[in-house]
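Just so it is clear, the structure is predicted and the values come from calculations on it, not from any experiment.
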Amino acid sequence: MPYKLITAFTVVLLLATTQLFSQKSDYSSLAISDSLKENANAVVRFNQTDIVIASQRSMNIKTKRVVTVLNDNGNETIEAYENYNKSWTVRSILATIYDAFGKEIKKVKKGDFRDVSAVSGSTLFSDSRYIYLDYTPIQYPYTVVFECEIETSNTAFIPQWMPLNNYAVSIEKSILNVTYPSNLGFKYKEFNFSNFSVKKTLETPAGLSFEASKITAQKEESVCPSAMSLFPRVMMGLESFHLEGVDGNAKNWTEFGKWYNEKILNGTTDLPELTKAKIKALVGTETDPVKKAQIIYKYVQEKSRYVSIQVGIGGWKPMLASDVDRLGYGDCKALSNYTKALLNVVDVPSYNVVLYGNPRKRDIESDFVSMQGNHMILAVPNKDSYIFLECTSQDDPFGYQGTFTDDRNVLIIRPEGGEIVHTKIYDDMNNKQTSKGVYVIAENGDFSGKIGIVSEGSQYNQKFRNDKLSPTEMEAFYKDYWSTINNLKIKKITFKNDAEKVSFTENAEISAVNYGNVSGNKMMFALNAFNQSTQNVKRIRNRKNPMEIQRGYVDVDEIEIILPANFSIEFLPSNVEINGKFGEYKTEIIKKDNTAVVYKRKFMLKKGLYTNKEYDEYRLFREQISKNDNAKIILTKS
């Protein structure tokens, strides 16, 4: 609920009170200009990051961040937290909280921050910790001044500067200062500066500064690219760096990958002799490398479990494969490395892969050699390409990437060097859902139907874990999935997961009362009962941002409708065909006889990046589809 602005009378009172108490006017919410409050849940009053790289093995990061939170939606903007481990030390941390007048409410010192494990249920990651401010506001607005100092020897990873990192947040001033020895090969790359008030204020052989000021809150617009690709940011790196106790030097990905393989990954794949013998016996006489990899992947899925911890937070060096073998769990680095170790036993080569794992695609910046990524998977060579294995999943099919790692640039770490490659693209036509079914409408309008739905490609990813839902979860899912059928009752539902073909089948029997609207001697209902497009594409006047459809797909439906006895067809919707830049839509309605109709539908949405000017055209395209999906048949009682 947005914060209601203070009345003029109250403003005068606040000003008077502020003067009486002689508070710091800098932290009064009254000092914020109206333009920065507009569309904002929070205002970053001041944010200064000072990064001092003293040597190849020493980096100090000091942050002072002042945020005024205007309503409860702005609380996450405070960002008063820090991760730490044995190589990333929190030297000091402090938060001071002020009320709307700028009067100090509370000072939270390091010992009063919540300090918890970054990973539950793991002893090997006990040094990976998370410290954060635990504060529940009693009124809005309020202001938090957060100060933190970090010390680390890991200079391979320099945090990027992103003055604006969320929607509905405005910036008064944000400053980045970086100093470094001139002989370490410092480099940086700017992104998305053109539409924002961001400038470089200093650049010397040993220092760099940027400043962002008076950036108004950005409205989040539907079907929009990620904030990462729209908002200003600066990436930084060194050619001579240090990571996990090892010095490194790399000017290109080949050098970087060779160093990472030799200095970070080397020595982590040893396994007990008993495990090696077990794996060789499991693979037996199989000689095909891909089939061997399938056997090993299944073994890892059955034996191990995933402990969630991002690359970087739990260090950059994988835990020993022997420890994963003994304990049966690990993070993404550990499980990928363990799978690699097992594959080594049966002479199947494989390579660690560093990437950004997220349903929202993000590339490794191929023209900026540095420590990047938040996730690790494994690549198995297969002729001229790779099979990518998500080793953290206990149920992903072999080689299936879903939507977490698909269609993006990644870094493969090979012994001879690093290589940027692109992961598998599930194209629009292969992201397919095929539905075939029948439903019967009774004379009173009641509905009973059967349908089989086969999902493939990225659509498989949305469904294939449904067989693991509890009865309550399953009912909630399908009532939402078939939300256009009121009074829905699920009579029976079964599943078939064909992991080899990456195909998931749902067979359902459902019913509903009063699906057909009966009035007098007439009945009306939507022919498309099972797969109506109900997406509401919001009208946006003066849209600023481009729009992006990250993944396309195709739905193909064929449904037979058995009409009630003693009714005849008075009106049947026309066939429709729409072709455009965003996709294709086609319906065909076939009257078999007076008792049955066949409804056929095909809808294909195209992946693509489009300009802001094309958004209205897209909105109208989706509205046409929703309208036609809801087209109704009218029956008359004989």
Results of side-chain hydrogen bond (donor to acceptor under 3.5 Å, both in side chains) for [X] - residues two or more places apart only:
{"X": "Ser222", "answer": "Tyr615"}
{"X": "Asn542", "answer": "none"}
{"X": "Lys292", "answer": "none"}
{"X": "Glu390", "answer": "His375, Thr392"}

Return each pair, listed once, that meets salt bridge (charged side-chain N to carboxylate O under 4.0 Å, His left out) where at least one residue sits in [range]; pairs must be two or more places apart or across chains.
{"range": "residues 454-471", "answer": "Asp395-Arg465, Asp396-Arg465, Lys463-Glu506"}
{"range": "residues 609-623", "answer": "Lys581-Glu614, Lys581-Glu617, Asp616-Arg619, Arg619-Glu623"}
{"range": "residues 514-527", "answer": "Lys522-Glu570"}
{"range": "residues 445-454", "answer": "none"}

ring-ring contact (aromatic ring centres under 6.0 Å, His included) partners for [X], two or more places apart:
{"X": "Tyr132", "answer": "Tyr130"}
{"X": "Phe398", "answer": "Tyr297"}
{"X": "Tyr386", "answer": "none"}

Any luck finding a side-chain donor-acceptor pair between Lys544 and Asn612 under 3.5 Å?
no
In terms of side-chain heavy atoms, does Tyr140 have a donor or acceptor partner in Asn75 at a distance below 3.5 Å?
yes
Indicate, with yes or no, if the rings of [X] and [Y] have centres closer together than 6.0 Å.
{"X": "Phe621", "Y": "Tyr585", "result": "no"}
{"X": "Phe530", "Y": "Tyr481", "result": "no"}
{"X": "Phe231", "Y": "Tyr167", "result": "yes"}
{"X": "Phe504", "Y": "Phe464", "result": "no"}

For residues 545-572, which residue pairs pass the ring-ring contact (aromatic ring centres under 6.0 Å, His included) check, not counting sequence neighbours?
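For residues 545-572, and leaving out neighbouring residues, the ring-ring contact (aromatic ring centres under 6.0 Å, His included) pairs sorted by first residue read Tyr553-Phe603.
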Would you say [X]'s side chain and [Y]'s backbone share a donor-acceptor pair under 3.5 angstrom?
{"X": "Asp363", "Y": "Glu365", "result": "no"}
{"X": "Thr484", "Y": "Gln532", "result": "no"}
{"X": "Asn487", "Y": "Val513", "result": "yes"}

